[in-house]
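Data first, discussion second: the structure below is written as structure tokens.
Basis for what follows: all heavy atoms, side chains included, without hydrogens, waters or symmetry-related copies. Sequence lines set the chain letters: A, B, ... in the order given, protein chains first and strands last, and positions in each chain run from 1.
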Amino acid sequence: MENGIKIELKAVSKNFKKTKIIKEMDLLVNPGEFLVLLGPSGCGKSTTLRMIAGLESVSAGEVLFDGKNAQKMTSLQKNIAMVFQDYALYPNMTVSQNLEYALKVHKVEVDVRKQRINKILKTLDLIKVANNYPSQLSGGQKQRTALGRGMIKQSRLFLLDEPLSNIDVQLREKARDEIQYIHQQNQQTIIYVTHDQTEAMALGDRIAVMDNGKIQMVATPDEIYNHPRNLFVAKFIGSPQINLIAAKVNNNCLNKGKLQLVNDLKQITAYQFQEEEEIYFGIRPENIQLTAPKKEHVVGIVTQITDYGRYQQIIVEIATDLTLKVISNDTTTQVGDEVGVVFNTDKILLFDTQNGMNLN
Amino acid sequence: MENGIKIELKAVSKNFKKTKIIKEMDLLVNPGEFLVLLGPSGCGKSTTLRMIAGLESVSAGEVLFDGKNAQKMTSLQKNIAMVFQDYALYPNMTVSQNLEYALKVHKVEVDVRKQRINKILKTLDLIKVANNYPSQLSGGQKQRTALGRGMIKQSRLFLLDEPLSNIDVQLREKARDEIQYIHQQNQQTIIYVTHDQTEAMALGDRIAVMDNGKIQMVATPDEIYNHPRNLFVAKFIGSPQINLIAAKVNNNCLNKGKLQLVNDLKQITAYQFQEEEEIYFGIRPENIQLTAPKKEHVVGIVTQITDYGRYQQIIVEIATDLTLKVISNDTTTQVGDEVGVVFNTDKILLFDTQNGMNLN
Amino acid sequence: MSKSKTLGWHLFLIVICLIAVLPVVFMLSNSFKTLRESYHSILQLIPLHPTLSNYKTLMQEVNLFGLIWNTFFMATLVTFGKIFSSMLAASAFQYYDFRWKKTLYFIFVATIFVPFTTIMIPNYLVIAKLNLLNTVVGVVLPQLCDATGIMLFTKALEKIPASLLEVAAIDGIPRWRIFVNLLIPMLRPNIISIGAMFFINSWNEYVWPTLILKDKNSFTLPLALQNYISSEGGTNFPLAMALSSIMIVVPLVIYILFQRFILNSISSTGLK
Amino acid sequence: MSKSKTLGWHLFLIVICLIAVLPVVFMLSNSFKTLRESYHSILQLIPLHPTLSNYKTLMQEVNLFGLIWNTFFMATLVTFGKIFSSMLAASAFQYYDFRWKKTLYFIFVATIFVPFTTIMIPNYLVIAKLNLLNTVVGVVLPQLCDATGIMLFTKALEKIPASLLEVAAIDGIPRWRIFVNLLIPMLRPNIISIGAMFFINSWNEYVWPTLILKDKNSFTLPLALQNYISSEGGTNFPLAMALSSIMIVVPLVIYILFQRFILNSISSTGLK
């Protein structure tokens, strides 16, 4: 099998009628990399994938495959495999025939075909249903067949468009493991579109977070989670969502009304704030500790506890209409308790209220 | 608003042609309780809900509403509201008209109608789209309209059939909060069907876990998670899944090959094992600690680390083809490290290999 | 797919177009020719000496508005009758269980495959026995039930999600209200497209009224047209073409008015 | 819904049934009566003295197998031609962009609303000019293009998910293979049901062949039937009924063979 291909998008735009769906996007996908395009529905992530696949024309800019302009290449030259959200299995062909069809059309030898098919049927646990038609398959089997049809081409670029969104939650964990296994085995470049942040975090070497036709941030999962570039990324990643409080800078402190959220801003960031400037204070639910209330603490009342088994979600009201979500493993807290709220200082995130940029 | 109704199922069965879909089910839902029916697709949870609603006939047994046989009651006497998975909004009516229709047909006074509609539009943030038709609504708005149409009846029983499965992951957190709020406000009995364990854990006062037409366990979320009654419940609840190892009882110890998993079974359970009996050893990923390897530990190699931001999932290989999934917040572990595996003794679960029952 | 290689398709579509559209053009064209010109150059697309004389003659010779009214009246009656009977029968087939349901449905659909030519005589005899010859009722009655309509409405009802009716049932909405407030509005596109089809078919109906109607005053357009084209009538082609052109006006207006529904047609259900 | 209150529906369905099914029963019944009996008790459902004499007479008087063969042959030709031209045209409308596409589609569908009666003469003249009178080609040619078929196939193609063709495009499958290996198998139920419709329509075609065919050897069944029912022919009802009964055999056999597809009909696409 060949190595993965390098994909570059240079100032790529896509207009649909008069709407700009993709706005001058630059993106580099390294050979053999697993890149996830993550974003809410309608952010343009699927359109980006389809432009790379050549299914949508590019309104401006260039898509380069190993430095060559992809628009002039035939589908055979591009050598792409793609898995669609609806699987797009040929309904008139069995699982084996679905796997075999493209190879057969391109006159790959029978022996090679049979060998590859058998290997894939085995890897993806599809042997029992090899002669079934798509309508006779379960959701998970359809998904694996679609995956297999992509794998059998042994292409240098593998595109996946929300391949797990139509299967049961219970099966997704297994399917994720399979996709990870496939990527480890082959050295293909993979571009994977999803709206599910857990999937993105689990799979991506790097994640490109998109919103509104623009890439908001491209980085490793760790960077994205802990150092989001702007408010959108901070809010989109993480479940439960990050706690955000609009607060005012006051003499190197950050205050929300009478509450002092940060007592030494310089410790957190080198950014020069103006006095009385309003900024967003952000803290993820797991970076808050609840303790016995002391004078120096922000103090609140526990209003709700939801037990998720592995952890608890605790809602703490620290002022009227101002609550914090806290994730904790401590099971001693009760609803009604008065608690001290301690923020994990090096995890505090600050954002500009105007443009949403991270100020840390 | 009246109080919630008491629902009882007594030896209820449902046959479809010759297949038994529901097998002699008993279930008690207390007045005002939020009960979640949880299970994989095809387990019969929706059928159970539909029998309670009267949309499916009962093949044997009885459904009782406050002690009275529901089969003989008209839909007006039963006074149920129901939200369907596909929302089932009347496509030819606006949001307001959808809310109003049933009230209008039953000749509720105009003033009362208007008042209730306005309150619901406000609560569910639907004022802006009050005059839109369903086809003009986003997924979340459709879902809230369906919820509102259920709420406006002020019924004593509210049935919800996977109401969140068709909306974006990002919106589900908010929608869950709304449903919880509704339940807190009103004292209705709620029966809620879902296949999503997180939803079930978050919402249910009690959860009834179903599989294969039978209730496997009815209990609070905490009980279900920490003391699953059998193997099915243990595997179905929790993500990532519980680690399960088939092991042998040997002189008050539990061994897998050369590995000693438990060195004092009596400390865990009072159950009398037979010597050489094979049982399943189960431990949830967060109940495993990784330490520096010592002699008394089970020792393994870290083969994979996935960073989910809030936590890390670490795969440890403790023998050939035998891996453990570990959830940890510790970020110092590296792939390739040799680690000692410590099981949190009071969280160990033991299951019979024959009937899957919990032996703790 | 790409925009290239469309030349072949263009040629193909042009041929198809010739077969489908050309006769209509000839018809219109000849209706503006004199009898003389049409004899000499009947396939001439653009009349050399266009004239309205044929239309004028028609205005004088036949009761044009009477003809249009008769045709319109009967077509409307048939259309509403068929829509109503088809919707009710389809609701019965879709939502009620009764014995022999599938068999009955099978037999209904089978009647689509019985040529009208073959049941014309039995129908004629029944109408004659009922003393309905030469009456509007005689023309309309046997057309009131239509298996195609039952089949199409049954299909359309199948596509309405069961949950919609279940919500209504749980909310205690009476059945007639479900029919009037939900089914009819939801099936509106189907009603319009199937209705248009019924109307056009009835408008164009030729053989059956020939048998039943003898009185010139109750004649419909197709019957009048026969006077100019049948072996018994004359052979004044341009005049026949003028009447033909008048005859297609109403169907085309209906098409243009309801094109949105008709083009989306049979398969849509009004649900998004 | 419940099984109760179905009495009203039963009555309604019985009335509908009388209108739709009774004429067929009369037809069959009278085909087994003698001329004398049919005169006296034409509405008698079960013949008092059933006889096969009408069928025997037909076997002697007309070349029954020749008639069936002629009808079958022309109907088959027309069916395949229409299916092929409709599928190709529908593919062009669905998958290619070209100028005037929407307008052209609009015009095509408009031809559905032009009564055949009105374009019969122009068609006749074209066929006459082409020297194709009294030939099979003359009968078949103007029927080869059908806007209904184009419309139905375009609808059917719309329901095939775009992703199926995109996968094929990414995999570099040539277009003709997409048509043959994917579109045709996926549209199989549509091809069968629309094909059956085409076949039946052509089988029952009566007016057009009357104009084109003069030679008794190339007559089709509906033409032969005319000999027994038209004002020119006799008035031997039982004989006409026997020929009618023979005429519905082929369509009914087709219906029974393909009922699964026909009942699922027009709206299905073969995708689950």
Identify the two heavy atoms, one from [X] and one from [Y], that lie closest to each other, and give their separation to 0.1 Å.
X        : Y        : result
C:Ile170 : B:Lys153 : O-NZ, 3.7 Å
C:Gly172 : B:His106 : O-NE2, 3.1 Å
C:Asn181 : B:Asn92  : O-ND2, 2.9 Å
C:Ile173 : B:Ala102 : CD1-CA, 4.0 Å

Answer yes or no: are there more than 12 heavy-atom neighbours, outside [X] itself, under 6.0 Å from its atom [atom1]?
X        : atom1 : answer
B:Phe16  : CZ    : no
C:Phe179 : CZ    : yes
C:Phe12  : CZ    : yes

Q: Not counting sequence neighbours, which residues clear salt bridge (Lys or Arg N to Asp or Glu O under 4.0 Å) with C:Lys101? List them please.
A: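 For C:Lys101, the residues satisfying salt bridge (Lys or Arg N to Asp or Glu O under 4.0 Å) (neighbours in sequence not counted) are C:Asp97.
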Q) Where does B:Phe84 contact chain C at under 4.5 Å (heavy atoms): side chain, backbone, both or neither? A)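 Just the side chain, heavy atoms under 4.5 Å.
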Q | Contacting region of B:Leu55 [heavy-atom separation from chain C under 4.5 Å] | A |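 Looking at B:Leu55, just its side chain touches chain C.
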Q) Counting heavy-atom pairs under 4.5 Å to chain C, which of B:Leu76, B:Asp86, B:Leu103 comes out on top? A)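 Most pairs with chain C among the choices: B:Asp86.
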Q: Hey, could you give me each pair passing salt bridge (Lys or Arg N to Asp or Glu O under 4.0 Å) that has a residue in residues 136-151 of chain C? Not counting sequence neighbours.
A: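 Residue pairs passing salt bridge (Lys or Arg N to Asp or Glu O under 4.0 Å), neighbours aside: C:Lys82-C:Asp146.
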Q: Start with the C-alpha distance between C:Glu166 and B:Met82, add both sets of side-chain angles, then the distance that settles side-chain contact (heavy atoms from CB on, under 4.5 Å), and finish with yes or no.
A: CA-CA 9 Å; C:Glu166 288 174 347; B:Met82 183 157 171; over 6 Å; no
(Q) Quick check against the 3.5 Å criterion: does C:Asp171 have a side-chain atom that pairs as donor or acceptor with the backbone of B:Ser75? (A)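 No; zero donor-acceptor contacts below 3.5 Å.
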Q) Quick one: what part of C:Ala168 sits under 4.5 Å from any heavy atom of chain B, side chain, backbone, both or neither? A)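 Contact with chain B is through both the backbone and side chain of C:Ala168.
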